[in-house]
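First comes the structure, then the notes that go with it.
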Amino acid sequence: MKQNKLRFIAILASLLIFGFTLTSLTSYYAAHDSLSKQISETALPLTSDNIYSEVQRDLLQPIFISSLMAQDTFVRDWTLSGEIDEERLVKYLKEIQSRYNTVTSFFVSDASKKYYHSTGVLKTISPVDPMDDWYFSFVNTGKEYEIHLDFDTAHPTDMAVFINYRVYDYSGNFIGVTGVGLAVDKVQERILTYQKRYGRSVSFIDREGTIMLSNTNDYAGSSIRRTPGLQDIATQILSQPSGTFSYVRDGKTVHLNSRLVNEFQWYLLVEQEEKSVETKILHNLKSNLIVSVLISIIVIVIAHITISRYQNKLQEMATTDKLTGVPNRNVFDPIFDQISKAARRHGHPVSVAMLDIDHFKAINDEHGHLNGDMVLKSVARIIQDRLRESDTVCRWGGEEFLLLLPECDELRAFKLCDDLRKIIEKRTFMNGQTEIRLTVSIGVTQMAHDEPALPLINRADQALYQSKRTGRNKVSIC
C-alpha cells in the first residue's frame, strides 16, 4: 500500500509540473510570437477587465453604505417627525463615518434644506450658492444615486468622491439626500495599487474627456482632447462604451483599453507601453514557473497528508472494534506472529486467554441491547486497565474477548485472569436505578514451542468451555 501511495504521488507530481510548465511555456511563446496583437487584443483587455472588477468591488461598499443609509428607518422616521433633536442624527452620521472609515457622511433634508454632517449642521443649502449646485442637479436628474467628484462642504479645500443617494418616505415621496464621501487621495492610492499590481498606467476620465483621477495630480482637470497622442483618438474613446486603441507618445507605441464604468459614469483607461511587455512576459514566465513549483509542492504535501490520514482511518476502522474501542480479531494474526517470533528467539512463554461474559443474552433480554452494549464497553475497559502495555486484548465475538499475553506462563496468566474475574464479579453496572451484576468465565492456555495460532486458540476455547460447563464464573487451564 505504501508503494502504491508513493507511485500515486509521483504520478500526481509529474502531471502537475508537466501541466503547469506546458501552460506557462505555451502562454509565453504565444505572447512572444504576436506581441502587439497579444497586448492590444488579449493582455490589456484582460487586465482592464480585472481592474474594472476591482473598481466595481471597491465602489460596492460605499454604494452599499449609502443605500443602507437611504433605507434606514431611523433616518426616515427622524426626518418625518420634524427633524427634532438634531444631535441624534449627527451622532448617527458620526458612527457611520467612524465604522466605515469614510472622510464624510451627510444628510440633506429636502424639507428644511439643512446640510447635516458628522460634525453638526453645516449650513442651509441654497439654489443660488454654487457650492450647493450638486444637490439641485442630482435631484433634477431623478437618479437613485450618483458618484460625484466635488469639494467637501465640511472642508472646502479638499476634493472628495461623493456617493449621493435619494431618500424616500414610506409612501415613496422624496425627502432628502444622504451618502458618504471618499477622499480623492485614497482613491488615487487604489489607482496606484492597480498600477503596481498589473504594471499598467490607470486613469479615469469623465464623459467629456476631462481627466478626473490618475496616479498623479499632474493631468487632473486637463482633457484628453488636448493631450499629445490621445487627442487624435479622443473622439473614438468617448463615443463608445469600450474599446482598444494604439497611439504614439514620445516616439513609443502605447496600447490603451477604455471601458465605461457605469457606477461612476467615467471611463477607465488602462495603458501599456509595448517595449516593456517583452520583459514583463519573461518575468511572468519565471514567476509562473516558481508559483507552479510551489503549488505543486503544496498539492503534493496535502495529497500525502490526506492519503496518509485516509489510510490510517481505514486501518483503524479495519482493526478496531467500533463498540468497545479495543482491537478486533483482524489484529490478532500480525501481533501473534511478532510475539511468537520473539518467543522463539528469546525462549519466553506466551499465554492466551478467552474471556466470555456469562448469561449475556439474558442481560440483553432483561435490560435491553443498549445496556448490553454498556456492559461490553465497561468490561473492555476493565480488561485494558488490568493488562500490561505489552499485552493485547481483542474482541473475538459477541461477548468474547481474547487476551494475548507475551512473556507470561499459564500460572501468571491464571492469576491475572482470576483477578479480572473477581473485579468484574464485584463491580456493579448501573442501568438507571437498576443494578446489573455479572460474572465472566475464562479459559487459559500456554503456547507450546513453535505452536500455530489456531490450535492455541482452540485450546483456550476448550478451557473456556470447561469453565462454563463446571458452573461459570471461574478460570480454567487447558
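This one's a predicted model, so the numbers in the text were calculated from it and none came from an experiment. The basis for the numbers below is simple: all heavy atoms, side chains too, and nothing from hydrogens, waters or symmetry mates.
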Can you tell me if [X] uses its side chain to pair, donor with acceptor, with the backbone of [Y] under 3.5 Å?
X	Y	answer
Ser171	Asn173	no
Arg76	Gln71	yes
Asp250	Lys252	no
Ser98	Lys94	no

What's the separation between atom [atom1] in [X] and atom [atom2] in [Y], rounded to the nearest 0.5 Å?
X	Y	atom1	atom2	value
Asn328	Thr320	CG	OG1	6.5 Å
Asp206	Leu238	CG	CG	8.0 Å
Asp72	Ile96	CG	CD1	7.0 Å
Lys91	Leu93	NZ	CG	12.5 Å
Ser242	Ile237	OG	CD1	12.0 Å
Asp232	Thr227	CG	OG1	11.0 Å

Where [X] and [Y] come nearest, the two heavy atoms and their spacing:
X	Y	result
Thr104	His117	OG1-NE2, 2.8 Å
Ala380	Val326	CB-CG1, 3.9 Å
Pro62	Ile163	CB-CD1, 3.7 Å
Ile436	Ile363	CG2-CG2, 4.4 Å
Gly372	Asn364	CA-OD1, 3.3 Å
Gly176	Tyr135	CA-OH, 4.4 Å

Side-chain donor-acceptor distances from residues 391-403 under 3.5 Å, at least two apart:
from	atom 1	to	atom 2	distance (Å)
Asp391	OD1	Arg388	NE	3.1
Asp391	OD1	Arg388	NH2	2.6
Asp391	OD2	Arg388	N	2.9
Asp391	OD2	Arg388	NE	3.0
Arg395	NE	Gly397	O	3.2
Arg395	NE	Gly398	O	3.3
Arg395	NH1	Asp321	OD1	3.3
Arg395	NH1	Asp321	OD2	3.3
Arg395	NH2	Gly398	O	2.7

Within the structure provided, determine whether [X] and [Y] are in side-chain contact (heavy-atom separation under 4.5 Å).
X	Y	answer
Leu376	Ile357	yes
Arg207	Leu260	yes
Val254	Phe245	no
Phe136	Ile125	yes
Glu271	Arg249	yes
Arg225	Thr235	yes

Can [X] and [Y] be counted as having a side-chain donor-acceptor contact under 3.5 angstrom?
X	Y	result
Glu83	Ser109	yes
Thr244	His255	no
Tyr267	Gln240	no

Parallel, tilted or perpendicular: which fits the ring planes of [X] and [Y], with parallel below 30° and perpendicular above 60°?
X	Y	result
Phe204	Trp266	tilted
Trp134	Phe106	perpendicular
Phe107	Tyr116	parallel

(request) Among residues two or more places apart or on two chains, list those pairs meeting salt bridge (Lys or Arg N to Asp or Glu O under 4.0 Å) that have a residue in residues 105-128. (result) Glu86-Lys114, Asp110-Lys113, Lys123-Asp129, Lys123-Asp132
(request) Walk me through it: do Leu438 and Arg427 pass the test side-chain contact (heavy atoms from CB on, under 4.5 Å)? (result) CA-CA 8 Å; Leu438 57 93; Arg427 184 69 58 87; over 6 Å; no
(request) Tell me, with the steps shown, if Gln231 and Tyr247 meet side chain to side chain donor-acceptor pair (under 3.5 Å). (result) CA-CA 10 Å; Gln231 60 188 9; Tyr247 70 96; over 6 Å; no
(request) Dump the intermediate steps for side-chain contact (heavy atoms from CB on, under 4.5 Å) on Leu269 and Ile211, then the final yes or no. (result) CA-CA 10 Å; Leu269 304 185; Ile211 299 175; over 6 Å; no
(request) Give the intermediate values and the outcome of side-chain contact (heavy atoms from CB on, under 4.5 Å) for residues Met69 and Tyr165. (result) CA-CA 8 Å; Met69 294 170 67; Tyr165 225 105; over 6 Å; no
(request) Quick one: do Ile147 and Ile63 satisfy side-chain contact (heavy atoms from CB on, under 4.5 Å)? Show the steps, please. (result) CA-CA 9 Å; Ile147 300 176; Ile63 293 173; 3.9 Å; yes
